[in-house]
Enquirer: 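The structure's right below; bear with me while I get my questions together.
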Number of protein chains: 2
Amino acid sequence: MVDARPVRPGPRRTLSEQAILDAALALLAELGADRVTIRGIATRVGIAPNAVYTYFPDKAAVLDGLAEQLLGRVDDNLVDDDRFTDSSRPWRERVHSLALELRTELLAHQGAVHLLLRSSLDGPNANAVGATLLTILADAGLDPASAAKGSHLLNVHILGSVALETADAAAATDQFLWGLDRLLDGLITYVGAQRDDRTGPRPR
Amino acid sequence: MVDARPVRPGPRRTLSEQAILDAALALLAELGADRVTIRGIATRVGIAPNAVYTYFPDKAAVLDGLAEQLLGRVDDNLVDDDRFTDSSRPWRERVHSLALELRTELLAHQGAVHLLLRSSLDGPNANAVGATLLTILADAGLDPASAAKGSHLLNVHILGSVALETADAAAATDQFLWGLDRLLDGLITYVGAQRDDRTGPRPR
DNA sequence: ACCTGAACACCGTTCAAGT
DNA sequence: ACCTGAACACCGTTCAAGT
């Protein structure tokens with residue numbers, strides 16, 4: 001991983017995109033999202049502010065990467081914990097576990113939700129988390145198209161809930177889970193209606 | 001509306017909180033949320049930047065007021081349109097109308113969703129919109145406690161959906177309405193389960 | 001109470017230059 | 001390609017002073 005060549009003039013080659021994102025994540029954890037700043041990152045990794053534009057085109061790209069970083073931490077927890085992967089567990093409990101995991105990670109960093117709400121959620125880590133969710137929804141009986149829409153719906157609920165609960169700071173876990181179950185009941189009703197479609201009326 | 005007294009030295013007395021918020025709303029409509037700026041507002045109403053701190057304690061308070069302003073526009077549309085108030089219409093259609101109305105208003109102003117997601121949604125206009133929603137959910141058969149939770153759940157869905165669809169700009173109306181109906185099915189299933197509780201098992 | 005001028009302590013980003 | 005110094009064009013907010 002370390003370049004063989006000794007200290008030389010010119011380019012520093014010491015840094016990487018990952019080093020920038022690590023610094024950004026550290027600032028997020030210590031100071032909150034509105035304090036992760038190009039200048040702060042630069043100071044932390046020991047370069048001039050404008051040097052970070054060697055690695056990212058603008059601040060938005062850094063924040064996109066930071067959102068991905070956050071989802072990477074979530075995904076790491078998913079893969080080595082069978083609360084999510086064990087297909088013998090009831091699907092609803094698995095969704096609960098995953099949703100609470102994501103919510104906990106978001107609540108741990110001030111303003112982190114807003115980072116995700118502004119990101120496109122299409123990086124590799126976002127897809128990895130999404131894939132886990134799709135598997136669970138498939139186990140719940142959703143066909144692939146419905147599972148994709150259901151996965152997006154769950155993202156909306158999780159991110160929206162956390163954003164609003166950090167805004168008014170209520171005892172919101174109950175509301176979060178209550179809404180989650182209403183939503184899941186709706187998904188399941190949909191599966192039942194699709195099954196009826198094969199033999200009865202009411203197409204779509 | 002115009003004060004009778006002639007030009008005099010000292011305090012200008014020309015301005016009001018509302019004048020500040022009108023300027024903020026104009027900037028939001030013309031330039032987007034990240035360009036509504038204390039300095040821009042001050043320029044627009046013709047005072048020095050620091051003079052707006054006579055009316056609001058800080059920028060966050062101005063943005064809170066702006067969010068309320070936005071909900072006021074929505075509420076104005078609700079009260080004089082019987083698509084929302086006509087209790088003879090099916091409740092689901094009325095929820096659809098209200099949700100789409102709110103969504104349209106949010107999509108009309110770049111970044112407006114994030115203003116609402118950061119606000120506490122407890123001002124008079126937020127409550128007015130909430131009251132309309134509560135009425136509809138009561139007509140759908142929800143008891144007051146469930147209607148309150150359902151109203152919050154709908155806020156989460158509407159704001160979360162709009163935030164994510166402006167983030168990746170898909171053809172998202174279908175997904176929005178699909179998720180909305182899943183969610184409403186879940187609410188209705190809940191009403192059914194409550195009714196069963198009176199005569200059968202499965203408490204909570 | 002309402003307003004101004006000036007300043008403080010920041011931002012993101014660009015440009016010219018060095019290796 | 002990677003980095004620096006200096007600058008540009010902004011921010012929100014505070015302070016002292018005027019009426």
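Remember, it's a predicted structure, so these values are computed and weren't measured experimentally.
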Enquirer: Quick one: A:Asp34 CG to D:dT13 P, roughly how many Å, whole number?
Expert: 12 Å
Enquirer: Below 4.0 angstrom from OP1 or OP2 of D:dC2, is there any side-chain N or O of A:Tyr53?
Expert: no
Enquirer: What nucleotide, of D:dG12, C:dC2, C:dT13, holds the atom closest to the side chain of B:Lys59?
Expert: D:dG12
Enquirer: Does A:Arg35 or A:Pro57 map to a spot on DNA chain C nearer the 5' end, using the closest nucleotide for each?
Expert: A:Arg35
Enquirer: For B:Ala147 and B:Leu137, work out which heavy atoms get closest and say how close.
Expert: O-CD1, 3.5 Å
Enquirer: Any chance you could measure B:Glu68, atom CD, to B:Asp122, atom CG, to the nearest 0.5 Å?
Expert: 8.0 Å
Enquirer: Take the protein atom CZ of B:Phe56 and the nucleotide atom C1' of D:dT14, then report the distance between them rounded to whole Å.
Expert: 19 Å
Enquirer: Do B:Gln69 and B:Gln18 come close enough that some side-chain heavy atom pair is under 4.5 Å?
Expert: yes
Enquirer: Take the protein atom CG of B:Leu63 and the nucleotide atom P of D:dC11, then report the distance between them rounded to whole Å.
Expert: 14 Å
Enquirer: For B:Arg39 and D:dA9, what is the distance between atoms CZ and C1' respectively, to the nearest whole Å?
Expert: 11 Å
Enquirer: Taking atom P of C:dT13 as reference, at what distance in whole Å does atom CD1 of A:Ile41 sit?
Expert: 11 Å
Enquirer: Is a donor from one side chain sitting under 3.5 angstrom from an acceptor on the other, for B:Asn77 and B:Glu105?
Expert: no
Enquirer: Would you indicate, yes or no, if C:dG12 has its OP1 or OP2 atom less than 4.0 angstrom from a side-chain nitrogen or oxygen of A:Thr37?
Expert: yes
Enquirer: Would you mind telling me which of C:dC3, D:dT13, C:dG12 lies closest to the side-chain atoms of B:Ala51?
Expert: C:dC3
Enquirer: Which residue lies toward the 5' end of DNA chain D, A:Pro49 or B:Pro49, if each is placed at its nearest nucleotide?
Expert: A:Pro49
Enquirer: Please pick, from D:dC2, D:dG12, C:dG12, the nucleotide with the shortest atom-to-atom distance to any side-chain atom of A:Ile38.
Expert: C:dG12
Enquirer: Across all strands shown, which nucleotide pairs with D:dA1 by Watson-Crick or G-U wobble geometry, both distances under 3.5 Å?
Expert: C:dT19
Enquirer: Mind checking who C:dC8 pairs with, Watson-Crick or G-U wobble, both distances under 3.5 Å?
Expert: D:dG12
Enquirer: Please give the distance between the P atoms of C:dC10 and D:dA9 as a whole number of Å.
Expert: 22 Å
Enquirer: Quick one: A:Ile20 CD1 to C:dG12 P, roughly how many Å, whole number?
Expert: 13 Å
